[in-house]
Trainee: 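The structure under discussion is supplied below as structure tokens; questions concerning it will follow.
By convention here, the first residue in the shown sequence is residue 1.
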Amino acid sequence: MALILSLETATDNCSVALHDKGQLIASASHLESGAHSRMLPLLINQVMNQAGASFHELKAVAVSEGPGSYTGLRIGTSTAKGLAFSLDIKLLAIDTLKGLAHLARSQKPGFTIIAMLDARRMEVYREVFDSEGKQIAGIDSEILETDSFLEYLKEGQVCFVGNANDKASQVINSPNAYFLDSLPNASSIGELAWENYQNERFESVPYFTPNYLKEFRVLKSKKNPFA
């Protein structure tokens, strides 16, 4: 066996999953703002008990690395580090938006995927992937406008996924736009973590920090005459 425990805490959806060589064995989640510190240990135990697995059987722990909620990422990271250190296992980190895109690809094959997380006002964190899952635009912040992502929408069908869809759908009006209301979850994180594990893309337990995007570059409005 190659058991990997995955934690997802980047949004209000706190979730945990256990995979064996990338195959899902057990999962649990709880959707509640501000409940991560209380619920994450309970969900971990629930998943391990559901699978009938021992912590000492784990080969690695994977964590969603952001972007996302500062508090959520901090709780997920500290928990993952604690498990990695105490059990002497590998630490894996997965881009939160890549995890979202991976989830969307299974539901909308052939679509360009734009994974987005709500930031503030009309701003989002976003990352763009082609239909094969290859990144075509890296993580950045963007202010949503009527002409946002036109270069992709003109080329074909685009699936927007994440918790920013409510405000995105207010300004993006295209027959090629599909809005998938899904939140990041540990099941997709665990599938991607197996690839990292096989390729030995491990993180340093003492030095790993989440991608808080504290110093992100805001893309200025194209309609701003002073831009």
Trainee: Quick one: are His36 and Thr71 in side-chain contact, heavy atoms under 4.5 Å?
Mentor: no
Trainee: Do Lys167 and Val124 pass the side-chain contact (heavy atoms from CB on, under 4.5 Å) test, and can you show the C-alpha distance, the side-chain angles, and the key distance before you say yes or no?
Mentor: CA-CA 10 Å; Lys167 61 186 183 184; Val124 297; 3.7 Å; yes
Trainee: Working note: Thr146 + Asn173, criterion side-chain contact (heavy atoms from CB on, under 4.5 Å); need CA distance, chi angles, decisive distance, verdict.
Mentor: CA-CA 7 Å; Thr146 55; Asn173 183 18; over 6 Å; no
Trainee: Members other than Leu24 in its cluster, when Ile, Leu, Val, Met, Phe, Trp, Tyr link by side-chain heavy atoms under 4.5 Å?
Mentor: none
Trainee: What distance separates Ile113 CD1 from His102 NE2, expressed to the nearest 0.5 Å?
Mentor: 11.5 Å
Trainee: Measuring from atom CG of Leu7 to atom OG of Ser78, what distance do you get when rounded to the nearest 0.5 angstrom?
Mentor: 9.5 Å
Trainee: Any non-hydrogen side-chain atom of Val158 less than 4.5 Å from a side-chain atom of Ile172?
Mentor: no
Trainee: Taking the side chain as every heavy atom from C-beta outward, state whether Ile114 and Phe149 have any atom pair closer than 4.5 Å.
Mentor: yes
Trainee: Among Arg126, Gln170, Met122, Arg121, exactly one meets side-chain contact (heavy atoms from CB on, under 4.5 Å) together with Leu144. Which residue is that?
Mentor: Met122
Trainee: Is there a side-chain contact between Leu97 and Pro67, using heavy atoms and a 4.5 Å cut-off?
Mentor: yes
Trainee: Can you get from Ile75 to Val47 by hopping between Ile, Leu, Val, Met, Phe, Trp and Tyr side chains that sit under 4.5 Å apart?
Mentor: yes
Trainee: Ignoring hydrogens and geometry, is there a side-chain-to-backbone donor-acceptor pair from Asn211 to Gly66 under 3.5 Å?
Mentor: no
Trainee: Find out if a path of hydrophobic residues (ILVMFWY) with successive side-chain heavy-atom gaps under 4.5 Å connects Ile44 to Met39.
Mentor: yes
Trainee: To the nearest 0.5 Å, what is the distance between CD1 (Ile189) and OG (Ser15)?
Mentor: 8.0 Å
Trainee: So which of Ile25, Leu58, Asp20 actually passes side-chain contact (heavy atoms from CB on, under 4.5 Å) with Met1?
Mentor: Asp20
Trainee: Is it true that a side-chain atom of Asn163 and a backbone atom of Asp118 form a donor plus acceptor pair closer than 3.5 Å?
Mentor: yes
Trainee: Using a 4.5 Å cut-off on heavy atoms from C-beta on, say whether the side chain of Leu18 contacts that of Leu3.
Mentor: yes
Trainee: Less than 4.5 Å apart, side chain to side chain, heavy atoms only: is that true for Leu87 and His56?
Mentor: yes
Trainee: Do Leu92 and Leu192 share a hydrophobic cluster (ILVMFWY, side-chain heavy atoms under 4.5 Å, transitive)?
Mentor: no
Trainee: Please examine the side chains of Leu180 and Gln107, heavy atoms only from C-beta on, and report whether any two atoms are closer than 4.5 Å.
Mentor: yes
Trainee: Check Leu117 against Thr96 and note the closest heavy-atom contact, atom names and distance.
Mentor: CD1-CG2, 4.0 Å
Trainee: Decide side-chain contact (heavy atoms from CB on, under 4.5 Å) for Gln135 and Glu127; before the verdict, give the C-alpha distance in whole Å, the side-chain angles of both, and the deciding distance to 0.1 Å.
Mentor: CA-CA 8 Å; Gln135 183 197 71; Glu127 192 170 3; 2.6 Å; yes
Trainee: So which pairs with a foot in residues 37-48 pass salt bridge (charged side-chain N to carboxylate O under 4.0 Å, His left out), sequence neighbours left out?
Mentor: Glu32-Arg38
Trainee: Is the side chain of Thr77 donor-acceptor paired with the backbone N or O of Arg74 at a distance under 3.5 Å, no angle test?
Mentor: no
Trainee: If you count the non-hydrogen atoms of other residues, nucleotides and ligands that lie under 6.0 Å from CG in Asn199, is the total more than 12?
Mentor: yes
Trainee: Mind checking whether Val171 and Ser148 have side chains closer than 4.5 Å, heavy atoms only?
Mentor: no
Trainee: So, does Asn185 use its side chain to make a donor-acceptor pair with the main chain of Ser188 at under 3.5 Å?
Mentor: yes
Trainee: Give a yes/no verdict on a cation-pi contact between Lys59 and Tyr197, requiring under 6.0 Å between NZ or CZ and the six-membered ring centre and an angle within 45° of the axis.
Mentor: no
Trainee: Using the rule given for side-chain contact (heavy atoms from CB on, under 4.5 Å), can you reason through Phe55 versus Asn45, listing the C-alpha separation, both sets of side-chain angles and the distance that settles it, and then say yes or no?
Mentor: CA-CA 9 Å; Phe55 284 96; Asn45 285 326; 3.6 Å; yes
Trainee: Could you give the distance from NE2 (His19) to OG (Ser187), rounded to the nearest 0.5 Å?
Mentor: 5.0 Å
Trainee: Scan the side chains in residues 201-210 for donor-acceptor partners under 3.5 Å anywhere in the protein, sequence neighbours excluded, and list what turns up.
Mentor:
residue	atom	partner	partner atom	Å
Arg201	NE	Asn196	OD1	3.1
Arg201	NH2	Asn196	OD1	2.8
Ser204	OG	Tyr207	N	3.4

Trainee: Rounded to the nearest 0.5 Å, what separates atom SG in Cys159 from atom CZ in Arg105?
Mentor: 12.0 Å
Trainee: On the 0 to 90° scale, with breaks at 30° and 60°, tag the Phe160-Phe179 ring pair as parallel, tilted or perpendicular.
Mentor: parallel
Trainee: What's the separation between atom OG in Ser54 and atom CG in Asn49, rounded to the nearest 0.5 Å?
Mentor: 10.5 Å
